[in-house]
Amino acid sequence: MTRKLIPIILFVLLLVQNSFSQKNNNPKFEQTLEPHPVIELNNWHVHAEALPINKVFSKKTDKWPVEMMNYEYWWGKEKVKWFVQEIIIPDEFDGKDVILELAADAQIVVYLDGELSALPDRVNNQVLISKNAKKGERHKIGIKMIKSGKRAHFYQSDLYAYPKGYGDFINTLFKVSSLKPRDGWFVKELKFKKLASDKASAKEFDDSEWKTAPINKNWKGEFLHAWSRGIIELPNEINGFPVKNQKIRLEASTNDRGEIWINGDLKLKFDHNPGVVLIDDENLTGKAFQISVKVINQQGSGELRYLKFITEREYQAKQNYAILLNTLRKTRYYYKRHPKPDLKELKNITNIIQSVLTNSENQLQKINTLKDKIYGVNERLRKNPVFMVPPYLQAVKDDGITIMWETIFLADGRIEFGTDKNLGSTITTSGAESTMHEITLTGLEKDKDYYYRVVSGNMASSIQKFHTKIPEDKPFKFIVVGDSRSYPKVFKNVVKLAARENADLMLNVGDVVSSGHNLDEWVDEYFYPMRYIGGSVPSYISIGNHEYGGYWDIRRVPPYEERVNHPLESTGSNEYWFDFKYGNSNFIFIDANKEDGPKGDRISPGSEQYEWFKNSVKRADKNGQWTFVLFHHPPYSECWSGGYYNGEAHLRDEIVPLIEMNGVDITFNGHTHDYERGLPHPPYDPKTGKGNNSAWIIAGGGGSDLDYHKYYEWEQMDLPKVKATTDNDDPDEGQYYEYHYIVIEINGKHLKYKAVKMNSDGSDGGILDEFEMTRE
């Protein structure tokens, strides 16, 4: 796979700049891991009951029970839960704007000192507590969490001290949401039938005996299908935009594949992401027409999630609004990341937003005006580069390493490095300015510490340390995590715990973002929380299905390719499947999402990836003492939530035999959000699939919502031990639905393994599981 970024290869003896040159390029600022003071508010007085505000802010709340930050789900029957805490402004917050950053997977309403303060959402999750705060100042915070489903959890409450003026800025950001365009016209129900004949695509097909069902009707049945049909007559206007003789977008989202038929004609086949058909036929926009949608399920449950129509003008308004939000996002992150940001421009931005929101322009004009004006401000701010993502290490080698980082705005970049904190050597990127920066250092010494920092413009990172590859006879340690998406604060605390291990490598078994096409999630959900370990420990990802979100049609994930540099040491390897040797061990990563064979979503015999993997495991068994294989989807899984799941049959049939018959010691998977483990139960029988020579580990507790039910019992898996049930989807008593990471220590032929649990407040919860192995 050709990389978008061409790394700068450092030949140390040729490209070292002298110390005089560095003195003339000293950066003005240093961006630390926490650019602004922060306090985690962990202990809250809680009460699960709807209450009037006067009772919530009475002295009686001091007698409510205290809970730590609620990473664990709240399963109570009540729909409302209150969290109350009094804060005292500390000395280091004096003169700053104090901001509360919140996150929950339920609706939350914030009250400050008895008054309604804000209704934060996942985009604007900051609430102003005090402008120009004074030390010793007291405030009482009440947070009302409203549960809509079976469970909810409140997982972030951090108090930040930002520069004066930031509070006014974020308050104006909330008002920008008033410009948000509506989202088309949704079809609410259609005729529905599971396993109907494909004749249902025809315009004149008789569906009179079919029942009408809501569009989002969920049905179970892997590798089955269902049809939804109906006559559609569009309204004259959609959200104020005329319909007749206008271009209209028809958008459908299905789980998993879909087909769209209009008046008996196939308009589109699509896979895993919304399918869009552009309608510009006068006969369709002005009259009723017949539509049929086929949903083809591959795993779990099938569903036509939504079917909507949106005018081209409204669609363009939505696109411009998205650009505006992204522009404001960059502005916001500049002030969150910069240790000493430009306060004059901060006030200017706030005034611009207030002025545009109150002028006489219409909604679309305001969106475009604000978009252009904020872009102009950002052009001025980019003269002082800020790291969106601090430096992180990739692809460590005997004589070098790759260092990557991301800036908020276009900027230049360089690395200063050396064998001590004086650094002494510099390498600079060439070519045009960029937001993604990648430099590969080579010509270094094997098994040696190096210190470094990255610099863009007048901003430098903190000085950190990395270590080149170790010799085969030296002990080492590596960490495994998985399914770290969705809840950045949870993953951040998992990373902070894992950083104490002083490991040599960090491996992730995938689903690091919620949806790969949302570029901000690569920062917010993975790379920025990784900052506590990513700058000193090389990291590697086995790509998950969520990374492919929005890219299933092209079977490539551009943001992933741009942000990783995996080792391409063996013939046929790429960013998606690759292998490398570290110490006396082989590490092999494959992509269980890739459709590169004749049978669809599987790594089938004869496909490019299958043949590469077959050669890799054979080579590894001969070349190293230990062999570890990592891929996202598990062949064996006993747990899930909300529906039956027991792993992937095609992986059991086609990949497991290669693993079991080629000396693989441990296979790591994710996808299931819990901890599961099976030690070897030899001998393995390739004909029946009985037994296992490899240990099987599911490490899916890195930060996402946890699963809670055991549906199946595999002989290959020892944990969890709770009884499997298939007649309900209720939470069971399993003890391994926990956030965790795994650490493995290799010392010659001896392996020491432990899984470490994280408590609700992010502290060490002790050993979840441990064992040892010895190779002959």
Side-chain angles (χ1 to χ4, degrees), residues 148-149 182-239 241 243-312 314-315 552-553 600 642-644 729:
S148 58
R182 296 173 68 182
D183 196 20
W185 179 71
F186 287 80
V187 178
K188 295 181 179 179
E189 59 183 23
L190 289 172
K191 292 286 191 72
F192 171 84
K193 190 171 183 180
K194 186 178 175 183
L195 294 178
S197 165
D198 283 353
K199 293 180 181 179
S201 63
K203 180 180 180 180
E204 305 302 332
F205 178 80
D206 183 7
D207 59 15
S208 58
E209 295 184 359
W210 289 20
K211 293 183 178 180
T212 299
I215 281 293
N216 60 347
K217 178 180 175 62
N218 185 283
W219 47 272
K220 295 183 180 180
E222 295 188 358
F223 306 105
L224 301 181
H225 73 272
W227 281 92
S228 296
R229 290 174 43 87
I231 301 296
I232 302 295
E233 185 171 0
L234 296 177
N236 293 327
E237 291 185 348
I238 295 178
N239 299 328
F241 295 94
V243 168
K244 191 172 182 179
N245 300 329
Q246 301 294 319
K247 290 183 179 180
I248 309 293
R249 288 174 176 260
L250 163 60
E251 183 175 308
S253 176
T254 63
N255 187 9
D256 294 298
R257 298 174 185 265
E259 296 177 8
I260 298 175
W261 297 71
I262 298 178
N263 287 341
D265 296 327
L266 177 63
K267 296 297 183 180
L268 182 69
K269 288 186 176 182
F270 58 100
D271 186 4
H272 288 281
N273 60 305
V276 179
V277 175
L278 189 62
I279 301 173
D280 56 3
D281 186 338
E282 292 183 10
N283 293 323
L284 298 183
T285 59
K287 299 178 182 179
F289 56 92
Q290 193 277 329
I291 187 167
S292 300
V293 180
K294 184 180 182 181
V295 176
I296 306 161
N297 183 40
Q298 291 181 284
Q299 68 175 35
S301 299
E303 180 184 5
L304 174 56
R305 296 189 181 102
Y306 65 81
L307 183 70
K308 73 176 181 180
F309 294 84
I310 183 169
T311 65
E312 188 68 9
E314 186 176 11
Y315 174 79
W552 286 106
D553 53 339
Y644 180 85
D729 301 324

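Basis for what follows: all heavy atoms, side chains included, without hydrogens, waters or symmetry-related copies.
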Search all heavy atoms of [X] against all heavy atoms of [Y] and return the closest pair with its distance.
X    : Y    : answer
I231 : A288 : CG2-CB, 3.9 Å
I215 : E189 : CG1-N, 3.7 Å
K194 : A226 : CA-CB, 3.8 Å
F270 : A252 : CE1-O, 3.6 Å

Salt bridge or not between D280 and K247? Use side-chain N to carboxylate O under 4.0 Å. no
Does the pair K308/D183 count as a salt bridge with the N-to-O cut at 4.0 Å? yes
So do L304 and T254 actually touch side chain to side chain, heavy atoms under 4.5 Å? yes
Are I310 and I238 close enough that some pair of their side-chain heavy atoms sits under 4.5 Å apart? no
Kindly check if the number of other-residue, nucleotide or ligand heavy atoms within 6.0 Å of NZ (K203) is above 12? no
Verify the ring-centre separation between W227 and F205: is it less than 6.0 angstrom? no
Students often mix this up, so state it plainly: with edges at 30° and 60°, are the rings of F289 and F309 parallel, tilted or perpendicular? perpendicular
Working note: Q290 + N263, criterion side chain to side chain donor-acceptor pair (under 3.5 Å); need CA distance, chi angles, decisive distance, verdict. CA-CA 5 Å; Q290 193 277 329; N263 287 341; over 6 Å; no
